[in-house]
Protein chains: 2
Amino acid sequence: MPEFLDLHGRTGKALRALADEAMRRHGLHVGQNVLLAALWERDGSTPGEVAAALHVTTPTVVKMATRMTAAGLLTRVRDDRDNRLVRLWLTDAGRALQGPVESERRRMEDAVTADLTDAEREHLMSALTKIHRSATELLGASGPADHDDPAAG
Amino acid sequence: MPEFLDLHGRTGKALRALADEAMRRHGLHVGQNVLLAALWERDGSTPGEVAAALHVTTPTVVKMATRMTAAGLLTRVRDDRDNRLVRLWLTDAGRALQGPVESERRRMEDAVTADLTDAEREHLMSALTKIHRSATELLGASGPADHDDPAAG
DNA sequence: CTGAGGTCGTTTGCCGTCTAACGATTACCG
DNA sequence: CGGTAATCGTTAGACGGCAAACGACCTCAG
């Protein structure tokens with residue numbers, strides 16, 4: 001029963017449930033808001049680009065895009081110049097959610113970290129960053145190459 | 001793009017991938033080791049008991065138990081006294097994994113927190129605990145009652 | 001211009017998670 | 001003793017995540 005892994009996992013579960021609840025208020029599933037965020041940042045991205053930005057695989061984006069297209073949040077358009085590519089474009093409905101969803105997400109972050117002092121928050125981010133780096137490096141050993149910051153160190 | 005939520009999420013993904021890789025070395029899927037851990041702690045538990053111990057729902061445990069039974073890690077036995085109940089019993093194969101898997105998990109925790117000083121680790125656990133509590137409480141408001149520490153505060 | 005190889009998105013299939021609905025069994029009250 | 005209510009495990013269906021296989025398209029050498 002390792003302490004940190006367990007605590008991190010349970011915290012993640014709680015945060016996920018909280019986000020799910022919050023996003024449901026806007027008619028979204030929990031994963032959809034991050035896909036939307038990628039398009040708010042760069043509308044007309046391809047599934048592969050979105051996947052890279054979100055640190056998930058392409059099939060995951062494809063599935064989500066299918067549901068979100070059915071939900072009227074975005075549209076799929078094949079690229080004229082390169083017919084292999086598909087571009088995901090926000091609909092008005094998808095664009096309209098940006099404000100509400102972003103503030104909802106900020107509110108959640110604030111609420112969840114409300115009990116921490118500024119110093120605690122900094123230490124937390126710092127420690128989590130170190131752990132993230134360690135985990136990613138351990139993964140890199142005979143694992144998948146992430147191409148996020150391999151040589152740029 | 002809230003900082004903490006994003007970082008926590010990415011860290012969780014990396015940790016999960018790492019655990020997945022580690023457990024695969026023992027022929028397990030990532031979720032199976034925690035179910036086994038519950039039975040190592042209390043062999044012959046019911047799906048409901050395991051679910052409560054793991055902070056997941058009963059159907060989740062049922063599905064995993066089905067696969068793990070097929071994999072020869074445990075067996076399902078109906079309780080004689082109360083025929084609604086099902087008891088999950090470890091097989092020799094399931095028991096044999098306890099040592100290796102537990103040390104694997106400890107090794108992973110150590111490796112991942114190796115860059116932190118003792119003080120940093122304590123602060124991290126403390127901050128994460130606060131966040132977990134905040135998230136759980138926010139969830140409690142018109143959400144599912146978890147019965148984990150409602151009055152015992 | 002043609003064929004081989006690389007790049008995409010998609011499909012398929014699995015794992016873990018949840019909620020909702022269902023069926024069987026037990027417990028409790030009259 | 002009987003019937004309703006509570007308790008369990010299971011099933012069904014959905015979402016988010018991954019890896020592997022596939023098919024369509026582009027590129028580039030020849």
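Lettering of chains follows the sequences in order, A, B, ..., and the numbering in each one begins at 1.
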J.: With a 4.5 Å cut-off on side-chain heavy atoms, are V86(B) and D79(B) touching?
T.: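 Side-chain contact under 4.5 Å: no.
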
J.: Taking only Lys NZ, Arg NE, NH1 and NH2, and the carboxylate oxygens of Asp or Glu, determine whether R95(B) and D92(B) approach each other closer than 4.0 Å.
T.: yes

J.: Mind calculating the distance between CE (M64(B)) and P (dT10(D)) to the nearest angstrom?
T.: 14 Å

J.: Please work out if R76(B) contacts a base, only the sugar-phosphate, or nothing of the nucleic acid, heavy-atom cut-off 4.0 Å.
T.: sugar-phosphate

J.: Grab the CG-P distance between N33(A) and dC15(D) for me, whole Å please.
T.: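 These atoms are roughly 15 Å apart.
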
J.: May I ask you to say whether E104(A) pairs ionically with R25(A), meaning some side-chain N is under 4.0 Å from a carboxylate O?
T.: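 Result for this pair is yes, salt bridge flagged.
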
J.: Once you apply a heavy-atom cut-off of 4.0 Å, does V56(A) come out as touching a base, just sugar-phosphate, or nothing?
T.: sugar-phosphate

J.: Looking only at the side chains, is there a donor atom on one of T136(B) and R10(A) sitting less than 3.5 Å from an acceptor on the other?
T.: no

J.: Identify which nucleotide among dG9(D), dG16(D), dT10(C) has an atom closest to any side-chain atom of V30(A), counting heavy atoms from C-beta outward.
T.: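 Closest nucleotide among those given: dG16(D).
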
J.: Which nucleotide in the list dT11(C), dT17(C), dG9(D) gets nearest to the side chain of K63(B)?
T.: dT17(C)

J.: On DNA chain D, check which nucleotide each of D80(A) and T58(A) is closest to and give me the residue with the more 5' one.
T.: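 It is T58(A), whose closest nucleotide lies nearer the 5' terminus.
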
J.: Using a cut-off of strictly less than 4.0 Å, decide whether T57(A) has a side-chain nitrogen or oxygen near OP1 or OP2 of dC18(D).
T.: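 For T57(A), the contact criterion (side-chain N or O under 4.0 Å from OP1 or OP2 of dC18(D)) is met.
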
J.: Nearest-Å distance, CG (D82(A)) to P (dC26(D))?
T.: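 Rounding to the nearest Å, CG of D82(A) and P of dC26(D) are 6 Å apart.
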
J.: Whether T46(A) contacts dG9(C) is assessed here as follows: a side-chain N or O lying under 4.0 Å from the phosphate OP1 or OP2. Is that the case?
T.: yes

J.: Using the side-chain heavy atoms of P47(B), tell me which of these nucleotides is nearest: dC18(D), dG16(D), dT10(D).
T.: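 Shortest atom-to-atom distance from the side chain points to dT10(D).
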
J.: Compare the minimum distances between each of dC18(C), dT10(C), dT10(D) and the side chain of V86(A), then state the nucleotide with the smallest one.
T.: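 Comparing dC18(C), dT10(C), dT10(D) against the side chain of V86(A), the answer is dT10(C).
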
J.: Please report, rounded to the nearest Å, how far the C1' atom of dC18(C) is from the NE2 atom of H55(B).
T.: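 The answer, rounded to whole Å, is 16 Å.
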
J.: Under 4.0 Å between a side-chain N/O of R81(A) and OP1 or OP2 of dC26(D), yes or no?
T.: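 No, no such contact exists.
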
J.: Out of curiosity, T69(A) OG1 to L88(A) CG, how far, rounded to the nearest 0.5 Å?
T.: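 The distance works out to 7.0 Å.
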
J.: Can you tell me how far CG of L35(A) sits from CZ of R67(A), rounded to the nearest 0.5 angstrom?
T.: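 Output value for this atom pair is 10.5 Å.
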
J.: Atom NE2 of H29(B) and atom P of dG13(C): how far apart are they, to the nearest Å?
T.: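 Rounding to the nearest Å, NE2 of H29(B) and P of dG13(C) are 17 Å apart.
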
J.: dT26(C), dG16(D), dG9(D): which one has an atom nearest the side-chain heavy atoms of L85(B)?
T.: dG9(D)

J.: Taking atom P of dC15(C) as reference, at what distance in whole Å does atom CG of L28(B) sit?
T.: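 The answer, rounded to whole Å, is 12 Å.
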
J.: Return the nearest nucleotide to the side chain of K13(A); candidates are dC18(C), dC18(D), dG16(C).
T.: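 The answer is dC18(C), which lies nearest to the side chain.
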
J.: Please determine whether a side-chain nitrogen or oxygen atom of T60(B) lies at a distance below 4.0 Å from atom OP1 or OP2 of dG16(C).
T.: no

J.: Answer yes or no: does a side-chain N or O of R16(A) lie under 4.0 Å from OP1 or OP2 of dT17(C)?
T.: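 No.
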
J.: Starting at atom CG of N83(B), determine the distance to atom P of dG23(C), rounded to an integer number of angstrom.
T.: 18 Å

J.: Please pick, from dT26(C), dA14(D), dG9(D), the nucleotide with the shortest atom-to-atom distance to any side-chain atom of R84(B).
T.: dT26(C)

J.: Return the value, rounded to whole Å, for the distance between atom CD of Q32(B) and atom C1' of dC14(C).
T.: 12 Å

